[in-house]
Amino acid sequence: MADKSRDIPDAVDVAAPSPEEQEWIDHRVDTWVETYKKSMLTPVTLSLVATHQPAEISTIAEAVTAATGWQITERGLYRTIKRLQDSGFLESSAVDAPRTGAKRKLLSLTSLGASYLSGIKDHLVEVPEEN
């Protein structure tokens with residue numbers, strides 16, 4: 001039986017990309033990452049609200065950065081939270097802040113949101129590691 005492993009070049013046998021190719025690759029990766037972040041912000045936000053509930057939006061923003069390393073804009077997070085509230089996945093309640101009495105919004109995951117998050121988690125896949 002022939003050794004099939006010889007048919008697959010080792011990574012060291014592959015020529016390094018030219019500077020132009022590397023620039024193209026870097027751009028493609030950056031584009032993919034931005035798309036990934038936009039789509040993954042929903043389950044990440046739901047999961048973090050579930051973990052920290054009832055949670056202030058600032059707590060969720062800090063937790064997203066801590067959990068993912070992503071720098072998200074306040075506007076982007078607020079849009080995601082509004083969309084999740086409008087869909088019935090998150091609910092909010094206004095409470096008085098301890099020192100100032102100003103209203104603060106606390107977020108909680110609804111049972112619909114928990115079911116939605118569970119469905120998403122059931123379909124997530126990991127990128128296989130090379131052997």
Side-chain angles (χ1 to χ4, degrees):
M1 189 155 155
D3 182 5
K4 293 288 185 184
S5 65
R6 294 178 188 254
D7 295 339
I8 302 170
D10 293 331
V12 294
D13 294 337
V14 177
S18 70
E20 294 81 15
E21 291 170 326
Q22 189 60 53
E23 182 179 343
W24 180 81
I25 290 169
D26 291 345
H27 174 71
R28 297 295 299 205
V29 168
D30 290 345
T31 300
W32 182 87
V33 167
E34 287 306 310
T35 301
Y36 175 78
K37 285 178 6 181
K38 285 178 185 174
S39 62
M40 285 302 295
L41 188 55
T42 292
V44 167
T45 300
L46 289 172
S47 182
L48 292 170
V49 168
T51 300
H52 298 283
Q53 65 185 336
E56 293 182 19
I57 294 174
S58 61
T59 301
I60 299 305
E62 292 168 7
V64 167
T65 300
T68 64
W70 301 339
Q71 297 299 320
I72 58 170
T73 64
E74 187 174 306
R75 181 178 176 198
L77 182 59
Y78 273 98
R79 281 195 318 231
T80 297
I81 289 170
K82 171 107 173 72
R83 185 174 36 78
L84 293 171
Q85 286 179 300
D86 291 348
S87 298
F89 300 143
L90 291 178
E91 61 187 8
S92 65
S93 58
V95 297
D96 294 331
R99 291 181 294 183
T100 64
K103 295 291 184 190
R104 296 233 173 154
K105 186 185 279 192
L106 297 180
L107 300 171
S108 296
L109 190 66
T110 65
S111 59
L112 187 64
S115 295
Y116 181 63
L117 178 59
S118 177
I120 290 172
K121 286 181 174 181
D122 288 346
H123 290 88
L124 291 178
V125 297
E126 293 289 326
V127 176
E129 294 291 324
E130 294 182 34
N131 292 332

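All residue numbers refer to positions in the sequence shown, counting from 1. Fair warning: this is a prediction, and the values are worked out from it, not measured in the lab.
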How many angstroms lie between atom [atom1] of [X] and atom [atom2] of [Y], to the nearest 0.5 angstrom?
X    : Y    : atom1 : atom2 : answer
R104 : S93  : CZ    : OG    : 13.0 Å
Q53  : S108 : CD    : OG    : 5.0 Å
K82  : D86  : NZ    : CG    : 3.5 Å
L90  : K105 : CG    : NZ    : 10.0 Å

Practice problem: Tell me, with the steps shown, if T80 and R83 meet side-chain contact (heavy atoms from CB on, under 4.5 Å). | Solution: CA-CA 5 Å; T80 297; R83 185 174 36 78; 3.7 Å; yes
How close do [X] and [Y] get, heavy atom to heavy atom, and via which atoms?
X   : Y    : answer
A50 : L109 : CB-CD2, 3.5 Å
L41 : G76  : CD2-O, 4.2 Å
E91 : Q85  : C-NE2, 4.3 Å

Exercise. Check the surroundings of atom CD in Q22: do more than 12 heavy atoms from other residues, nucleotides or ligands lie under 6.0 Å from it?
Key: yes
Exercise. Look at K103 together with D96 and state whether they make a salt bridge at an N to O cut-off of under 4.0 Å.
Key: yes
Donor-acceptor check, side chain of [X] to backbone of [Y], threshold 3.5 angstrom: yes or no?
X    : Y   : result
S87  : F89 : no
T65  : W70 : yes
S47  : P43 : no
T110 : G88 : yes

Quiz prompt | Check against side-chain contact (heavy atoms from CB on, under 4.5 Å), E62 and H52 | solution = CA-CA 11 Å; E62 292 168 7; H52 298 283; over 6 Å; no
Quiz item: So do M40 and L124 actually touch side chain to side chain, heavy atoms under 4.5 Å?
Solution: yes
Does one hydrophobic cluster hold both [X] and [Y], with members joined at side-chain heavy-atom distances below 4.5 Å?
X    : Y    : answer
L48  : I57  : yes
V95  : L107 : no
L106 : L112 : no

Self-check item: Residue that, paired with I60, satisfies side chain to side chain contact (heavy atoms under 4.5 Å, CB included) out of T51, L46, I72, V49
Solution: V49
Quiz item: Between D30, V29, T31, which is the residue that forms a side chain to side chain contact (heavy atoms under 4.5 Å, CB included) with V33?
Solution: V29
